[in-house]
Visitor: 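I'd like to ask some things about the structure below.
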Amino acid sequence: MREIFAGLPWWVKWVAVPVIALVVFGGLILSVAQFVIGLLFKALVFVALVGGLIYVVRKFRTSSSSRGDW
């Protein structure tokens, strides 16, 4: 592979080949990025919901236990 690229100008190695790779694999790269971002968003929503549930349960427990003391 090095021998093939050795005789080519710099702009072919550093401009044309990456552009061709982006054109060919751009859809794949975009779908993988979309999947990862969607997964991170779902994980963030999950953490927020579990945290909210824990907050509500603790708030309810302290509220009900303080009523029982009266």
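The basis for the numbers below is simple: all heavy atoms, side chains too, and nothing from hydrogens, waters or symmetry mates.
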Visitor: In this structure, would Val12 and Leu22 fall into the same cluster of hydrophobic residues linked by side-chain contacts under 4.5 Å?
Guide: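 In one cluster: no.
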Visitor: When clusters are formed by joining ILVMFWY residues with side-chain heavy atoms under 4.5 Å apart, either directly or through shared neighbours, do Val15 and Phe5 land in the same one?
Guide: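 Linked within one cluster.
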Visitor: Tell me every residue that passes side chain to side chain contact (heavy atoms under 4.5 Å, CB included) with Leu28, counting only those two or more places apart in sequence or in another chain.
Guide: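 Partners of Leu28 under the side chain to side chain contact (heavy atoms under 4.5 Å, CB included) test: Phe25, Ser31, Val32.
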Visitor: Let me check something: do Trp11 and Val17 share a hydrophobic cluster, defined by ILVMFWY side-chain heavy atoms less than 4.5 Å apart, either directly or through other members?
Guide: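 Hydrophobic grouping puts Trp11 with Val17.
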Visitor: Please name the residue in the list Leu49, Val50, Leu44 that meets the side chain to side chain contact (heavy atoms under 4.5 Å, CB included) test with Phe46.
Guide: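 Answer to the side chain to side chain contact (heavy atoms under 4.5 Å, CB included) test with Phe46 among Leu49, Val50, Leu44: Val50.
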Visitor: Would a hydrophobic clustering, with Ile, Leu, Val, Met, Phe, Trp and Tyr connected at side-chain separations under 4.5 Å, put Leu39 with Phe41?
Guide: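 In one cluster with Leu39: Phe41, no.
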Visitor: Closest approach of Ile4 and Leu8, non-hydrogen atoms and distance?
Guide: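 Scanning both residues completely, I find the closest heavy atoms to be O-CG, 3.7 Å.
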